[in-house]
Amino acid sequence: MRIVAAAAVVVGGLSACGSDGGGSAGAAGNPYGLAQAGVLRAGTLTDAPPNVYLKDGKFTGFDNDLLTAVAGKLGLKVEFVGTDFSALLSQVNNHKFDVGSSSITITEARRKTVDFGNGYDFGYFGLDVPAGSPIKGFDQLAGKRVVVVQGTVQDDYATGKQLDPVRVPDYNGAINQLKAGTADAWIAPAEIGEKSAADSNGKITVAAKQLSPAPTAYAVAKGSDKLREALNRALDEVIADGTWNRLQAQYYPGRPIPADFKPGSGAVAPAVSASSAS
């Protein structure tokens, strides 16, 4: 059973490090319009490693660990809460969460519901299939039973290709369909698909992958300009201090970074931390 509505509080830095967070928050009370002053309430998922997941009762993964570092620059604690991706953006815009953290690809359709910060990661689409499947590429999916997680950019892709996808609420649902043989293929975020295949004891394989058309970013409610701008500034700080590169090396070892991808504002170059350089 999928775990939802579980919450774990991760403590960020107690003082701002160059951003207008900790000190300003103390003086102005709640400058970013958070549901609770000093606490960044983040909606995320429990079942999508290595991006966002629950491990030993703690929310972790590249996106969540990066958000914790970003919040630390603003003197904020992060409270992560599990939810379904299909509901996440509306929950952010309704202020149930201050921010959405779930490898959310920026699209024009999603901009109608939420505002996005600067892109912090790139991604690939992965094509997972049952072991022994003859499917080897995205061009072989016509007429096949293709599963996607509802509301994701992979759902958009499959719909745009007129594949009439089977929609499930979470990644475990997609994995279970492949294992049971009730789906011919799953279009997934590539890293999540690769991890799922590796953990499937040979029942699932990765047939192909291709670069996603847009970066991923944190989502905030429409009009939350002060929060969005503060997150953008703090993101640049964790890029500059080497945290972004360290987390890339930790969660995506060996994954090449596209030459034209610039995280954050693009105004700062990612510093190479000692761990990522080794």
Side-chain angles (χ1 to χ4, degrees), residues 4 32-35 40-48 51-53 61-64 66-67 70 78 80-126 146-171 173-174 186-193 210-232 235 258 260-266:
V4 295
Y32 309 126
L34 304 176
L40 187 68
R41 186 173 171 86
T44 188
L45 307 189
T46 63
D47 63 350
N51 302 78
V52 288
Y53 61 103
F62 175 81
D63 302 61
N64 288 342
L66 183 68
L67 182 61
V70 168
V78 184
F80 291 104
V81 182
T83 188
D84 288 324
F85 188 85
S86 59
L88 178 58
L89 297 187
S90 63
Q91 289 171 334
V92 168
N93 201 46
N94 291 335
H95 297 280
K96 179 175 181 179
F97 305 124
D98 300 306
V99 64
S101 172
S102 184
S103 200
I104 307 167
T105 301
I106 300 172
T107 69
E108 290 307 310
R110 289 173 178 173
R111 287 186 189 276
K112 296 177 181 178
T113 302
V114 294
D115 287 340
F116 287 101
N118 290 331
Y120 61 80
D121 201 13
F122 58 96
Y124 292 84
F125 290 169
V146 178
V147 64
V148 295
V149 174
Q150 182 176 358
T152 61
V153 71
Q154 292 82 29
D155 184 353
D156 295 343
Y157 172 86
T159 302
K161 295 292 185 179
Q162 300 181 329
L163 297 176
D164 191 22
V166 177
R167 297 176 176 87
V168 294
D170 55 41
Y171 293 104
W186 168 33
I187 302 175
E191 292 80 13
I192 295 170
Q210 64 184 39
L211 189 64
S212 179
T216 61
Y218 298 117
V220 299
K222 298 290 286 185
S224 297
D225 293 341
K226 289 185 178 179
L227 175 60
R228 177 180 54 78
E229 291 166 2
L231 293 174
N232 283 343
L235 174 60
D260 60 350
F261 177 74
K262 306 296 182 186
S265 68

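Looking only at atom types and distance, the side chain of Ser101 has a donor-acceptor partner in the side chain of Asn64 under 3.5 Å away.
For Ala217, the side chain to side chain contact (heavy atoms under 4.5 Å, CB included) partners two or more places apart in sequence, or in a different chain, are Ile106, Phe116. Scanning for side chain to side chain donor-acceptor pair (under 3.5 Å) contacts around Ser212 gives an empty result, with sequence neighbours left out. With sequence neighbours excluded, no residue satisfies side chain to side chain donor-acceptor pair (under 3.5 Å) with Gln150. A search for ring-ring contact (aromatic ring centres under 6.0 Å, His included) contacts involving Tyr124 returns nothing, not counting sequence neighbours. Under the rule for a side chain to side chain contact (heavy atoms under 4.5 Å, CB included), the partners of Ser102 that lie at least two apart in sequence or sit in another chain are Leu45, Val52, Phe85, Leu88, Ile104. Partners of Ala188 by side chain to side chain contact (heavy atoms under 4.5 Å, CB included), not counting sequence neighbours, listed by chain and number: Trp186. Phe97 pairs by the ring-ring contact (aromatic ring centres under 6.0 Å, His included) definition with nothing, not counting sequence neighbours. A search for side chain to side chain donor-acceptor pair (under 3.5 Å) contacts involving Glu108 returns Arg111, not counting sequence neighbours. A search for side chain to side chain donor-acceptor pair (under 3.5 Å) contacts involving Thr105 returns nothing, not counting sequence neighbours.
With contacts defined as side-chain heavy-atom distances shorter than 4.5 Å, the pair Val99/Leu67 qualifies. Between Leu211 and Pro258 the shortest side-chain heavy-atom distance falls below 4.5 Å.
Between Ile192 atom CD1 and Asp47 atom CG the span is 8.0 Å, to the nearest 0.5 Å.
Within the structure, every pair that satisfies the salt bridge (Lys or Arg N to Asp or Glu O under 4.0 Å) test and touches residues 211-228, not counting sequence neighbours, is listed here: Asp115-Lys222, Asp225-Arg228. Judged as a salt bridge (Lys or Arg N to Asp or Glu O under 4.0 Å), not a single pair has a partner in residues 94-105 (not counting sequence neighbours). Counting only residues at least two apart or on different chains, the salt bridge (Lys or Arg N to Asp or Glu O under 4.0 Å) pairs with a member in residues 156-168 are Asp155-Arg167.
Side chain of Asp63 to main chain of Ser103: a donor-acceptor pair is present (N/O by atom type, distance under 3.5 Å, no hydrogens or angles).
Tyr120 approaches Phe261 most closely through the heavy-atom pair C-CZ, 3.8 Å. Smallest separation of non-hydrogen atoms from Val148 and Ala158: CG1-CB, 4.1 Å.
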